[in-house]
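What follows is one structure encoded as structure tokens, with my remarks underneath.
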Amino acid sequence: MSNAVPENTDAAVVMRDVDKWYDSYHALTSINLTVARGEKIVVCGPSGSGKSTLIRCINQLETIRSGTITVDGIELTAGGDNVDKIRREVGMVFQQFNLFPHMTVLENCMLAPIKVRGVSKAEAEQTARRYLERVRIPEQAEKYPAQLSGGQQQRVAIARALCMNPKIMLFDEPTSALDPEMVNEVLDTMIDLAREGMTMLVVTHEMGFARKVADRVIFMDKGEIVEIGEPESFFSNPQNERTKTFLGQIAH
Amino acid sequence: MFRSFGPNEVLYIVSAVQWTLLLSAIAFAGGAVGGMAIALARVSTTKPLRYAALAFIRVFQGTPLLMQLFLVYFGLSIMGVGINLWVAAAAALTLHASAYLGEIWRGCIEAVPSGQSEASYALGLKYRDRMRYVVLPQAAKISVAPTVGFLVQLIKATSLTSIIGFVELTRAGQIINNATFQPLTVFSLVAAVYFILCWPLSMWARHLEGRFAVATTR
């Protein structure tokens with residue numbers, strides 16, 4: 001009984017009544033969320049609240065049990081073959097970077113454009129160098145990931161995702177594995193990206209970042225979206241008790 | 001009436017090492033192809049494929065190699081293929097090596113952090129590219145030491161083919177022993193030849209293991 005409401009074609013992501021279970025654990029409960037093109041969304045919440053699961057459903061790193069997800073006008077159906085199409089348009093940055101350790105920075109950035117988009121080697125290299133420039137590490141192109149600092153590795157991971165020219169970028173706690181002094185270099189890169197108009201969904205506890213770039217902040221708890229608001233009102237005047245408690249805890 | 005144990009007998013035994021080496025090489029090459037197929041089937045998302053590979057491994061790990069040799073050897077002759085020692089020995093050892101290498105390499109593939117596959121999915125890489133460029137190169141690095149270790153086992157395992165009459169190092173020793181009746185001398189020599197083959201490989205495997213341990217400690 002899917003409600004066939006015409007989708008807002010301007011939406012980058014539409015999630016309707018999405019439910020996800022890990023065996024008997026209800027990981028996501030009736031998630032409804034529409035993300036407009038160019039919108040920046042910050043998702044926060046206690047650990048185990050389902051915030052990572054939520055964004056991982058968008059590029060189908062997690063499968064859902066019921067509901068629909070539409071990404072860039074392409075509907076994801078359970079078991080359907082639209083997954084590849086969607087993954088080409090959605091970039092992702094992970095907490096643990098997940099760079100390919102046996103490839104140089106440049107090769108990391110060139111692999112997917114060559115193999116997935118079918119661009120020439122020369123073009124892939126040009127694109128890769130351009131994005132490495134943009135994340136301010138062009139001089140590291142020939143190095144291997146293990147030779148870089150955490151912050152540099154995460155910026156390479158951002159560049160690698162951007163090389164696919166995605167329309168949407170997902171960030172899954174991109175600064176959580178970093179030493180404190182490296183957090184800002186990654187956040188600054190993300191702020192630049194936000195200013196250029198990229199659609200972004202960011203799972204993070206960096207509330208300074210949320211205030212600065214988010215159009216909306218989502219608070220999740222126990223697999224549900226508890227509260228959605230613009231950063232101003234979200235932080236100064238949270239409505240839900242659970243949100244208040246959470247914000248009180250991370251403020252310290 | 002016994003032949004004496006002289007240079008000719010030594011030469012006969014030592015030159016039989018070529019058949020041991022050739023049989024090992026064939027079994028290893030065949031096992032590498034079979035093992036790769038088994039390993040990929042074991043980590044496949046297709047359930048029947050996973051179970052079929054698991055069943056294959058269970059059967060070959062759960063029965064003695066000697067029985068496998070007998071079954072292939074007699075099986076081939078009953079099927080009317082005729083008794084060909086080379087085919088029987090190579091086929092049985094290949095199946096045996098496929099099962100073991102398959103299981104070793106499955107472990108190596110699974111040892112590659114899942115984040116590597118997730119990053120590949122997120123970039124839209126297809127199965128073939130994900131395996132070829134991301135997962136297998138990293139698994140290969142992990143697999144070198146245990147694979148060389150298994151090769152040592154395989155070389156020693158070829159001695160069992162002497163029982164079906166395949167003339168390799170051990171069988172050559174038996175033949176010379178039957179003529180000279182100097183078992184201690186003969187089989188000491190045979191054992192020494194195996195040792196000379198296997199010991200450097202074991203050392204190499206240990207060296208590679210050490211290097212891998214250094215490479216993976218942060």
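Residue numbers start from 1 in every chain, and the chains themselves are labelled A, B, ... in the order their sequence lines are given, proteins ahead of strands.
At a 4.5 Å heavy-atom cutoff, A:Arg117 makes no contact with chain B through either its backbone or its side chain. Proximity to chain B (any heavy atom under 4.5 Å) is restricted, for A:Phe94, to the side chain, taken from C-beta onward.
Without hydrogens or angle criteria, B:Gln116 side chain to A:Leu99 main chain gives a donor-acceptor distance under 3.5 Å. Side-chain atoms of A:Asn59 do not come within 3.5 Å of backbone N or O of B:Ala122 as any donor-acceptor pair.
The number of heavy atoms from other shown groups lying within 6.0 Å of CH2 (B:Trp199) does not exceed 12. Atom CZ of B:Arg206 has 12 or fewer heavy atoms from other residues, nucleotides or ligands within 6.0 Å. The environment of B:Phe74 atom CZ is dense: over 12 non-hydrogen atoms of other residues, nucleotides or ligands sit within 6.0 angstrom.
The contact list for residues 167-179 of chain A toward chain B, using heavy atoms and a distance under 4.5 Å, is empty.
Smallest separation of non-hydrogen atoms from A:Lys115 and B:Asp129: CB-OD2, 3.6 Å. Here the closest heavy-atom approach between residue A:Asn98 and residue B:Ala119 is recorded as O-CB, 3.5 Å.
With contacts defined as side-chain heavy-atom distances shorter than 4.5 Å, the pair B:Leu125/A:Leu111 qualifies. Counting heavy atoms from C-beta outward, B:Tyr133 and A:Ile114 have side chains that stay 4.5 Å or more apart.
Ranking A:Leu61, A:Asp84, A:Val93, A:Ile86 against chain B, the residue ahead of the rest is A:Leu61, based on heavy-atom pairs under 4.5 Å. Per-residue heavy-atom pair counts under 4.5 Å with chain B were compared for A:Glu107, A:Arg88, A:Arg160, A:Met92, and the maximum is reached by A:Arg160.
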